[in-house]
Structures are given as structure tokens and as C-alpha cells.
Amino acid sequence: MERILEVKDLHVSFHTYAGEVKAVRGVNFHVNRGEAVAIVGESGCGKSVTAQSLMKLIPTPPGEFKKGQILFNGEDLIKKSNKEMEAIRGKDIGMIFQDPMTSLNPTMTIGNQIMEGLIKHQGMSKAAARERAIELLTMVGIPQPERRVTQYPHEFSGGMRQRAMIAISLACSPKLLIADEPTTALDVTIQAQILDLMKDLQKKTGTSIILITHDLGVVAEMCDRVIVMYAGKVIETGTVDDIFYNPQHPYTKGLLRSVPRLDLNRDEPLTPIFGTPPDLLKPPVGCGFTARCDSAMRVCQQYDPELTDVSSTQRSACWLQHPLAQERVGS
Amino acid sequence: MIRYLGKRILFMIISLFLIITVTFFLMHSIPGGPFTSEKNVPDEIKKSLEAYYGIDKPIGEQYVDYLKRVITWDLGPSFSEKSSTVNDVINRGFPVSAHLGLQAIAIAITGGITLGVIAALRHNKWQDYSAMVIAVLGLSVPSFILAAFYQYFFAIKWGLFPIAKWETFEHTVLPSFALSALPMAFIARLTRSNMIEVLAQDYIKTAKAKGLNTIVITVKHAVRNALLPVITYLGPLTAGILTGTFVIERIFGVPGLGREFVLSITNRDYTVIMGTTVFYSIILIVMVLLVDIAYTIVDPRIKLSDAGKE
């Protein structure tokens with residue numbers, strides 16, 4: 001399968017008054033053409049920084065790309081100038097943000113916000129762009145698009161705004177769509193509608209999707225593969241089935257355990273992962289999860305495990321995968 | 001909208017009435033009168049003068065008379081300039097003051113917004129610091145010192161502009177800049193802080209993610225959202241420019257309305273005091289209304305209506 005995006009050993013840091021925050025510490029993953037990949041993890045694990053790095057939306061300074069490559073269609077985006085990135089943003093890579101209430105310009109009509117990208121990237125005339133904007137609004141399921149196109153964001157509900165946001169990001173038919181927690185700010189029924197819409201549009205347009213989320217239900221619903229991040233690193237990757245039915249890393253297991261379940265008694269308390277993620281101002285030497293891990297061993301504190309193959313589709317970064325540990329567990 | 005405007009205009013008339021009343025009685029409570037400074041006026045002449053202008057009547061009667069005349073926009077004769085009426089004084093002085101004021105407002109708005117935007121885009125860089133030094137200077141140096149400074153350097157030392165008087169365009173340059181310094185500084189600071197806030201908003205990131213360049217993002221997405229508080233300030237700004245003209249017109253010898261206003265008070269020229277006060281008040285009240293209407297143009301979320309208030 002053709003790899004549309006490949007991230008190799010990406011390191012991103014932020015320089016703050018307190019010191020250097022190593023938000024992303026050597027992330028590797030890839031996205032195939034037409035595939036939906038989820039990046040999951042709790043708040044502060046580097047998901048959003050990774051996503052925004054892909055479009056180079058990280059403000060530098062205070063951010064800094066320390067190391068690594070982001071290969072998009074074989075070209076390294078890290079090396080691209082701002083001007084070259086402007087030609088890629090919105091055209092080849094689209095992005096949907098978390099909060100539709102604040103992601104749209106309140107003083108500009110929805111139509112104009114959709115048209116901007118079309119006029120810039122496809123050289124459309126205003127009239128043609130307007131036609132296309134109406135088409136896009138129809139496509140994302142907004143009724144009466146001719147009227148809606150002249151309205152302002154405050155005249156749209158939250159779900160409708162997210163639909164409009166999707167229309168903006170898909171305007172130029174990007175090859176890759178990055179959705180940064182697209183449903184977090186919406187209520188549950190609207191969440192389902194937006195996910196259905198995204199799934200539907202992906203089928204129609206064949207774009208690859210990177211879905212950033214901490215909602216595992218969303219992942220099961222629409223993704224092919226899952227990347228689990230923790231403390232700025234990828235700790236496990238695999239297909240949706242691998243991750244849900246055969247999780248290897250204790251953190252992934254913990255995440256799955258903490259998902260509320262409909263088949264359990266309502267009085268049953270949820271099972272959280274105790275503790276907090278490590279401070280990335282001073283990242284730990286060994287595995288970042290050691291302090292919260294039930295199965296932590298002495299080696300975990302001193303050496304950071306590498307991602308190793310579990311099967312042909314699944315990889316996990318945990319010392320439990322090491323043959324010596326396997327022997328002990330086995331015996 | 002029309003109902004709202006009707007209501008606003010009614011309130012404007014009420015506040016105007018209050019301003020007239022307060023000014024009228026305050027003015028008459030100051031000791032002295034229009035003819036006290038003229039020496040050697042025999043009592044009979046003074047009496048007949050007062051009778052002629054109607055200021056020998058009881059104050060209540062004078063007040064009612066004045067109100068009757070103001071309604072027809074007859075502001076009465078001037079006491080100190082016997083040949084002209086207050087309407088003449090306003091017609092003569094206002095075009096000059098308006099010219100000076102508009103020029104100063106134009107400089108203040110364009111200069112202030114430009115400085116503010118540059119400072120925000122180059123936040124914490126030398127451009128930011130220099131723009132803010134200019135702004136702090138503009139805010140803290142009084143206009144009469146600034147005016148004298150301009151006169152000394154631009155007129156006396158370098159001879160670039162005439163030092164005073166109001167004849168050609170060159171004559172308007174120095175007073176306009178002197179008058180615009182304070183509002184410009186204020187607008188610059190306001191624009192800067194709002195721009196910094198707006199540039200951190202999510203929709204700016206959305207605009208970046210569309211591949212727009214910095215100039216388009218600044219002009220189309222950021223400035224418009226950052227300007228709303230600046231528009232709020234335009235009402236008080238007009239007031240500032242108006243009161244500023246009193247000083248600047250004196251210093252630069254500009255024959256505007258501000259000078260007449262100040263002179264009228266020292267002369268106890270009752271009708272001119274009243275006339276100019278009423279006139280300035282009308283301008284101010286209308287400006288505040290215009291600012292409110294301007295909101296709706298800049299921010300589509302704001303609608304003028306009195307729904308919900310009743």
C-alpha cells in the first residue's frame with residue numbers, strides 16, 4: 001500500500017520560561033492512502049502537537065522541530081519554507097479543529113470562509129467558488145445551503161458549525177485530513193452525526209484521515225489503525241482489532257479498562273488509571289509509564305523500551321515484550 | 001431597528017434638554033455679566049443694554065425665552081461681537097474646527113491602527129517596543145507642550161511648516177498632528193492589545209490551516225475582530241478631539257469654534273456659551289449614536305433593537 005505520510009523520529013519541543021518542554025519525543029508512524037488512523041492518548045500526551053506539526057502550525061518560537069522527518073508524498077515538510085507550506089496547507093492537507101464555536105471567524109460569512117481556500121488554491125472566480133461552497137454545504141448535510149452560505153457563524157448551531165468546518169477543510173479535496181478531536185466539544189447525538197458524516201465523506205472522496213481523539217468509542221467506529229501515544233511517544237500501534245482485542249501495553253489495557261461500559265451495573269465505579277503523566281519538562285529516563293504501571297520492573301525505570309513487533313500489524317513499546325520477560329511471565 | 005432609533009432620538013432630545021438646563025443655570029450662577037468688563041458705562045446705558053438683550057428679566061423667564069428660541073435654532077445675538085449672531089459665530093468657526101478635527105481623527109485612526117497592528121505582529125520585538133514608546137509618549141506628553149515642541153522644531157528651526165494661522169494646507173499640518181497625538185497613542189495601545197488577543201484565537205489557526213498568508217490573515221481575519229473596542233473609543237475620541245481643539249486652536253491661532261468657546265466664557269458672553277455648548281453636545285450625542293450603528297456593520301452579531309429590554 002502507498003504511504004501518503006510517514007513521520008520518522010519526530011521531536012518537538014517548546015521553550016518556556018521554566019525550560020524546554022519536550023512535548024513530542026521521537027514519534028514514528030505512517031498513514032496509507034485512503035486509510036483512517038487514530039491517534040489516542042490522554043490530555044498532554046502530545047497528540048495535538050503531533051497533529052499540528054504535520055501542518056507546521058506550531059508557532060516557532062516557542063516551538064522547535066528538534067529532529068526527525070515528516071514525509072508527505074515523499075517530501076520532507078520540516079525542510080519546507082513557510083511559503084511552500086502555505087501552498088500545501090488547505091490544499092493537500094486539511095484540518096478540522098476541536099471547538100467549532102471558536103474555530104470560525106465570527107465576523108465573516110460561512111460562504112466567504114469556505115471560498116477563501118478555493119480562491120487561493122484553485123484560482124476560482126468568486127462566483128465559481130460560491131457555487132462550490134454551496135455544493136460543499138450540501139455535501140456536509142446543511143439544509144438550504146443557498147441561504148446558509150450568506151450567514152454568519154453565530155447563526156449556526158454547534159453541530160452545523162462543525163459541518164461547516166468540515167466543508168472548509170474538504171474544500172480543495174485534500175489528500176490528508178487531520179481531525180483534532182472533532183467531536184469533543186459537541187454533545188453525544190451530534191457527535192454520532194458528525195462521525196457518520198466523516199466516515200461517509202471518506203468513502204466518497206478517498207482521503208486519508210488522521211483522527212486525534214481520547215474517545216475510544218470514536219476510534220472503534222471509524223478507524224482502520226490506532227496509534228497510542230503516551231508522554232510524547234508512541235507506545236503501541238496496531239489495527240483496531242489488535243488494539244481492542246489484544247492490547248499489549250499496560251497503558252493501552254488501562255485505557256480500555258477505563259472506558260464506561262453499557263453492559264455493567266450502573267453502580268459499578270469506573271476503573272481509572274491512577275496517577276498523572278510525567279512532567280515533560282524533565283522527561284523520565286526509562287519508560288514514561290513506569291510510575292503508573294502495575295507490571296513495572298526494575299528495567300523500566302532505567303531504560304526506555306523500543307517499539308517491537310508483536311505481530312505483522314501490531315507493535316508495542318514495553319519491556320514485557322522482551323523475550324526474558326516473556327519467559328518469566330510464562331514460567 | 002426603526003423603533004430603536006426613534007427611542008434613541010427621544011433620549012438624545014431629553015439629554016440635550018438636561019444639558020441646556022444645567023449649563024444655563026451654572027452659567028448664570030457665575031458672578032459678573034456680559035457688560036461688567038466694559039468700563040465707564042453709565043448706568044442708564046447699561047440698563048438699556050440689559051433690557052435690549054433681555055437679561056434684566058427674572059432668570060426663570062430668561063430660561064423659558066431661551067428654550068423657545070433654541071427650538072427654532074435661533075441662538076441669539078452675541079454680546080461681545082455686536083454685529084453678529086451666535087449662529088454666525090458657529091457658521092464661521094465650525095468649518096475650520098471640523099476641518100482640523102477630521103484631519104486629526106484621520107491621522108489618529110490610521111496611525112494608531114497601523115502602529116498597533118505592527119506592534120502586535122512583532123510582539124516583543126523592537127518594532128513592538130518602539131511603537132509602544134511612541135504611544136506612551138503620546139499619552140503622557142500634554143498637547144500644549146507637544147504643540148510648542150512642534151512649533152519650535154518644524155516651524156522655527158527647520159522652517160518646514162508655518163508656525164501658526166490658518167490659511168493654506170501647510171498651516172493645517174502642525175495643529176492636526178498636535179491634536180491627534182493623544183488619541184493616536186490610545187488607539188495604538190488598544191489595537192495592539194486586541195490584536196494580540198485575536199491572533200491567539202482558534203479561527204486564526206483555521207485561517208492558517210487554509211494556507212492563507214500572514215497579510216491576508218491579518219487584514220481579513222484579525223484586524224476586523226480587533227477593531228470593535230477601537231470603535232467604542234471613537235465616541236469619547238470625538239469628545240477628546242473637540243476639547244483638545246480649545247487648546248490647540250489657541251496655540252496655533254486657528255479661528256475655530258474652540259477659541260470662540262473659551263473666549264466666550266471669559267467674556268461672560270451668555271448666548272455664545274450656550275450656543276457652543278448646545279452645538280458641541282449635539283455633535284457628541286450624534287457621534288455616540290453613529291458609533292452604535294457602526295458596531296452593527298463591523299460585528300454581525302450585534303443587532304440594534306430594544307427587544308428584551310421591555
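Each chain gets a letter, A, B and so on, in the order its sequence line appears, and its residues count up from 1.
Both the backbone and the side chain of A:Leu57 have a heavy atom closer than 4.5 Å to some heavy atom of chain B. Contact annotation for B:Val198: neither backbone nor side-chain heavy atoms come within less than 4.5 Å of a heavy atom of chain A. Proximity to chain B (any heavy atom under 4.5 Å) is shown, for A:Lys91, by neither the backbone nor the side chain.
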Step by step, would you call B:Phe279 with B:Phe261 a ring-ring contact (aromatic ring centres under 6.0 Å, His included)?
CA-CA 11 Å; B:Phe279 188 71; B:Phe261 187 65; over 10 Å; no
- Query: For A:Thr213 and A:Glu181, what are the C-alpha separation, side-chain angles and deciding distance, and is it a side chain to side chain donor-acceptor pair (under 3.5 Å)?
  - Reply: CA-CA 5 Å; A:Thr213 182; A:Glu181 308 204 25; 5.8 Å; no
task: Kindly indicate, with the supporting measurements, whether the criterion side chain to side chain contact (heavy atoms under 4.5 Å, CB included) is fulfilled by A:His121 and A:Glu116.
output: CA-CA 9 Å; A:His121 294 299; A:Glu116 269 185 324; over 6 Å; no
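Residue-level contacts of residues 165-177 of chain A with chain B, in order of numbering, are A:Met165, A:Ile168; threshold 4.5 Å between heavy atoms. Residues of residues 73-89 of chain A lying within less than 4.5 angstrom of chain B, judged on heavy atoms, are A:Glu86, A:Arg89 in numerical order.
For the set B:Lys220, B:Lys208, B:His221, the entry with the most heavy-atom pairs within less than 4.5 Å of chain A is B:His221. Residue with the most contacts toward chain B among A:Ser103, A:Gly117, A:Gly94: A:Ser103 (heavy-atom pairs, distance under 4.5 Å).
Residues A:Gln193 and A:Arg163 have side chains that bring a donor and an acceptor to within less than 3.5 angstrom of each other. Residues A:Thr102 and B:Gln201 have side chains that never bring a donor and an acceptor to within less than 3.5 angstrom of each other.
Judged by distance alone, the side chain of A:Gln113 and the main-chain N or O of A:Met108 form a donor-acceptor pair under 3.5 Å. Counting only distance, with no hydrogens or angles, the side chain of A:Arg161 and the backbone of A:Pro153 share a donor-acceptor pair below 3.5 Å. Counting only distance, with no hydrogens or angles, the side chain of B:Ser97 and the backbone of B:Gly256 share no donor-acceptor pair below 3.5 Å.
A cation-pi arrangement, defined by a distance under 6.0 Å to the six-membered ring centre and an angle within 45 degrees of its axis, is present between A:Arg148 and A:Phe156.
Taking 4.0 Å as the cut-off between side-chain N and carboxylate O, B:Asp292 and B:Arg8 count as a salt-bridged pair.
Nearest heavy-atom pair, A:Ser53 versus A:Leu10, reported as atom, atom and distance to 0.1 Å: CB-CD2, 4.1 Å.
Distance check, rounded to the nearest 0.5 Å: CG of B:Leu174 to CG of B:Leu179 gives 12.5 Å.
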